[in-house]
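Beneath this line is the structure, given in structure tokens, with notes to follow.
Per chain, numbering begins at 1; letters A, B, ... match sequence-line order.
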2 protein chains.
Amino acid sequence: MVKREMTRKFLEDAFCGESKAHMKYSIYAEDAEAQGKKNLARLWRAIAYAEFVHARNHFKALGYLGAVDANLEDSAAGEHFEIEEMYPVYKNASEFQEEKEAIRSAHFALEAEKIHEKMYNDAHEYLKNNDDLEDKKIFICEICGYTTFDTVPDKCPVCGAPAEKFKEF
Amino acid sequence: MVKREMTRKFLEDAFCGESKAHMKYSIYAEDAEAQGKKNLARLWRAIAYAEFVHARNHFKALGYLGAVDANLEDSAAGEHFEIEEMYPVYKNASEFQEEKEAIRSAHFALEAEKIHEKMYNDAHEYLKNNDDLEDKKIFICEICGYTTFDTVPDKCPVCGAPAEKFKEF
Ligand SMILES: [Fe+2]
Ligand SMILES: [Fe+2]
Ligand SMILES: [Fe+2]
Ligand SMILES: [Fe+2]
Ligand SMILES: [Fe+2]
Ligand SMILES: [Fe+2]
């Protein structure tokens, strides 16, 4: 694990850069697929995976990959920050500046993060007495990220998208 | 597209936060899979996808999803910055502070980014006269992110990993 502060700072920044590159390439890949450019999409997906490898190497060098319970705590804490601090403030600022697309984007995220925090906390609790979670289906709304177990709603309660817009995991 | 500067700034930060959350959850999912916790891994993968949806919404609200050629230019420019500025400086700093894991992690990334920039530039050139890239296999080293077309090397030229450690796309 890396010990010196400046090297840690740099690795943190590199983790951020790799995470954003991975995300952009995944978005570009999806867009290329929608345009029928399969091989170009595959190039972006492959390179997105290479950036995942880089980010994972930095993350491990930083000593951030913990035991499963620590990883669940970290996940819940990240969601908690987004629910209590980040998204309410950004949504409020977007409203103040009357930026409709940003209000929508922040609202969608905020609603999903509330569910995510609960799911991570429940998982943490359940795993105190079990080796793995129950085998429940998970559905995500492709439009807003709304997250739910077991069955697809007729209509997304957050964005109104129809049942076909849910992706099963 | 969002116009006010402060709302843009906030959305950029939220894009960064979502990208890092997506990355962390993907790393945690892989780790849970390796421990045989399939359902927990699925929860992390599903929520990672929800964060992808949030990041994509922010990215589109920022007006950053362009035409395919603009997306390729943006990809090449990101790699160029990492090759010419970010990784040489961070690698040099890690050497100065004698942080072995960071030197390794920066070196692996730097070598792969050089290949990525060329691949994106070549793709950009090729797509001037074609609708899609050629149907070539792409292989990525799971250890260092080394990226190559067509055939798996016997040994990764960057990290020395054997052929089995390559993932095909
Ligand atoms: Fe990278
Ligand atoms: Fe979340
Ligand atoms: Fe939705
Ligand atoms: Fe999110
Ligand atoms: Fe790259
Ligand atoms: Fe390698």
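With contacts defined as side-chain heavy-atom distances shorter than 4.5 Å, the pair D132(A)/K38(B) qualifies. Two residues are said to be in side-chain contact when any heavy atoms from C-beta on lie closer than 4.5 Å; F52(B) and E30(A) meet this criterion. In this structure the side chain of M23(B) never reaches within 4.5 angstrom of the side chain of E51(A), judged on heavy atoms. Side chains of F149(B) and L43(A) form a contact here, defined as non-hydrogen atoms less than 4.5 Å apart. Proximity of Y146(B) to V53(A): side-chain heavy atoms (C-beta onward) are nowhere separated by under 4.5 Å. With a 4.5 Å cut-off on side-chain heavy atoms, W44(B) and Y120(A) count as touching. Residues Y87(A) and F10(B) fail the side-chain proximity criterion, which asks for heavy atoms closer than 4.5 Å.
Using modelled atom types, no side-chain atom of H22(A) and backbone atom of S19(B) make a donor-acceptor pair closer than 3.5 Å. Proximity of a side-chain donor or acceptor of H116(A) to a complementary backbone N or O of I47(B) within less than 3.5 Å is not detected. The main-chain N or O of I143(B) is found under 3.5 Å from a side-chain atom of N57(A) such that the two form a donor-acceptor pair. At least one donor-acceptor pair under 3.5 Å links the side chain of R42(A) to the backbone N or O of K136(B). Between the side chain of D31(B) and the backbone N or O of V68(A) there is no donor-acceptor pair closer than 3.5 Å.
Screening K60(A), H58(A), R56(A) against S105(B) for a side-chain hydrogen bond (donor to acceptor under 3.5 Å, both in side chains) leaves a single residue, H58(A).
Options A46(A), G17(A), A50(A), G145(A) differ in how many heavy-atom pairs under 4.5 Å they form with chain B, and the most are formed by A46(A). Taking L127(A), D74(A), L11(A) one by one and counting their heavy-atom pairs under 4.5 Å with chain B, the maximum is reached by D74(A). Listed options K20(B), K9(B), R104(B) were ranked by heavy-atom pairs under 4.5 angstrom with chain A; first place goes to K20(B). Chain B forms more heavy-atom pairs under 4.5 Å with one residue of C16(A), A109(A), G78(A) than with any other, namely A109(A). Of the listed residues (E142(A), M6(A), R45(A)), the greatest number of heavy-atom pairs within a distance under 4.5 Å of chain B belongs to E142(A). Comparing V89(B), N71(B), I138(B) by how many heavy-atom pairs each has under 4.5 Å with chain A, the most go to N71(B). Between chain B and the options S75(A), A112(A), A21(A), A32(A), the largest number of non-hydrogen pairs under 4.5 Å is found for S75(A). Per-residue heavy-atom pair counts under 4.5 Å with chain B were compared for F96(A), Y28(A), F15(A), and the maximum is reached by Y28(A).
Hydrophobic clustering (ILVMFWY, side-chain heavy atoms < 4.5 Å, transitive): F139(B) and I115(B) are in one cluster. One hydrophobic cluster holds both Y49(B) and V158(A) under the rule that ILVMFWY side chains link at heavy-atom gaps under 4.5 Å.
If you measure heavy-atom distances from E99(A) to chain B, the contacts under 4.5 Å come from the side chain alone. Interface remark: M86(A) contributes side-chain atoms only to the contact with chain B (heavy atom separation under 4.5 Å). Proximity to chain B (any heavy atom under 4.5 Å) is shown, for L72(A), by both the backbone and the side chain. Looking at K167(B), the atoms closer than 4.5 Å to chain A (heavy atoms on both sides) all sit in the side chain, from C-beta outward. Contact annotation for Q35(A): only side-chain heavy atoms (C-beta onward) come within less than 4.5 Å of a heavy atom of chain B. With a threshold of 4.5 angstrom between heavy atoms, Y25(A) approaches chain B through side-chain atoms but not through N, CA, C or O. Within the 4.5 angstrom heavy-atom criterion, only side-chain atoms of A123(A), from C-beta onward, approach chain B. Residue K91(A): no heavy atom, backbone or side chain, is found under 4.5 Å from chain B. Heavy atoms of F59(A) lying under 4.5 Å from chain B belong exclusively to its side chain. For T147(B), the part lying near chain A is the side chain, with the backbone staying farther off; criterion is any non-hydrogen pair under 4.5 Å. Both the backbone and the side chain of E18(B) come within less than 4.5 Å of a heavy atom of chain A. Using a 4.5 Å cut-off between heavy atoms, E168(A) does not touch chain B at all.
The 12-atom threshold is exceeded at CG of D150(B), counting heavy atoms of other residues, nucleotides or ligands nearer than 6.0 Å.
Here Q97(B) contributes atom CD and R8(A) contributes atom CZ; the two are 11.5 Å apart, rounded to the nearest 0.5 Å. In this structure, E98(B) CD and T7(A) OG1 are separated by 10.5 Å, a value rounded to the nearest 0.5 Å.
Using modelled atom types and a 3.5 Å distance limit, the side chains of Y90(A) and D13(B) yield a donor-acceptor pair.
Annotation: cation-pi geometry not satisfied between K24(B) and Y64(A) (NZ/CZ under 6.0 angstrom from ring centroid, within 45° of ring axis).
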